[in-house]
Amino acid sequence: MSFLRTSLPRLTPLISSRPSSRLLSNSVIRLSNPPSKSNDPFPLPFSSPDLAQNNRLSDDAEEWALPPPLDRTGEDANTLRSRLIYQTRKRGTLETDLILSTFAKEFLPTMSVDEMKEFDKLLDEPDWDIFYWSVQKREPPPRWKDTSLLKKLIQHAKNEGKVVRMMPALMQKEPEL
């Protein structure tokens, strides 16, 4: 009980007056001060009250900063290729997964290490951005606009041969026992 009083001062315990109530404890918790518009209604213990007011995100998602990519220095070509195959399949949106995984199956085996590193940077972009750039519904940013990689991806997404595309299998051959 003393933990609640010290860590969450806005909560005050009230002793239940009915002995027949089936509570897990003998206390009922009630907010002593109703939350105001300036206070966070769900404060975290041990956090600064200024945190909620100073770190507000903009309403425009275009202004949100992307998290920095992981540092993968020292990764050999086979590990890079394997990781890219996996990352093209597990993006989070089926549309982008399908375009990128079939693109990787077709082009990744012949890519050089520098091309794979460029493809890795493209995979750091948000899923829907990659999808809209590849189907030409949005203008890509200048860093990707005239790259050969994006041109190949756009050509692949057009599917001019009308090939029925399915998610490629992860294992290309059966493991040897």
Hits for side-chain hydrogen bond (donor to acceptor under 3.5 Å, both in side chains) against D76, two or more places apart or cross-chain, chain-then-number order -> T79

For F131, the ring-ring contact (aromatic ring centres under 6.0 Å, His included) test, sequence neighbours excluded, returns W128

Sorted by chain and residue number, the salt bridge (charged side-chain N to carboxylate O under 4.0 Å, His left out) partners of E106 (sequence neighbours excluded) come out as none

P109 and A104 have their tightest heavy-atom pair at CD-O, 3.5 Å

Hits for side-chain hydrogen bond (donor to acceptor under 3.5 Å, both in side chains) against T93, two or more places apart or cross-chain, chain-then-number order -> T96

Do the side chains of L100 and V135 join up, straight or via other hydrophobic residues, at under 4.5 Å, putting them in one cluster? yes

Compile the donor-acceptor pairs under 3.5 Å between side chains in residues 147-154 and protein atoms, sequence neighbours left out, one pair per line.
residue, atom, partner, partner atom, Å
T147, OG1, W144, O, 3.0
T147, OG1, L150, N, 3.3

Output for pair (L108 CG, S101 OG), nearest 0.5 Å, gives 11.5 Å

Residue set satisfying side chain to side chain contact (heavy atoms under 4.5 Å, CB included) with E160, at least two apart, ordered chain then number -> Q155, K158

Minimal heavy-atom distance between S134 and A157, with the atoms involved, is O-CB, 3.4 Å

When rounded to the nearest 0.5 Å, the distance separating NZ of K145 from CD of E139 is 3.5 Å

**Prompt:** Going by heavy atoms in the side chains, are Y132 and P140 under 4.5 Å from each other?
**Reply:** no

query = Just by distance, do the side chain of R138 and the backbone of I130 share a donor-acceptor pair under 3.5 Å?
reply = no

So the ring pair (Phe, Tyr, Trp, His ring centres under 6.0 Å) pairs with at least one residue in residues 90-109 (sequence neighbours excluded) are F103-F107, F103-F119, F103-H156

So OG1 of T88 and NZ of K105: to nearest 0.5 Å the spacing works out to 11.5 Å

Here the salt bridge (Lys or Arg N to Asp or Glu O under 4.0 Å) pairs for residues 84-102, sequence neighbours left out, are R91-D127

Sorted by chain and residue number, the salt bridge (charged side-chain N to carboxylate O under 4.0 Å, His left out) partners of K117 (sequence neighbours excluded) come out as none

Residues at least two apart in sequence or cross-chain that pass side chain to side chain contact (heavy atoms under 4.5 Å, CB included) with R83, listed by chain then number, are R72, E75, L80, Q87, D120

Quiz item: So if you build clusters from Ile, Leu, Val, Met, Phe, Trp, Tyr with side-chain heavy-atom gaps below 4.5 Å, do V113 and L84 land together?
Solution: yes

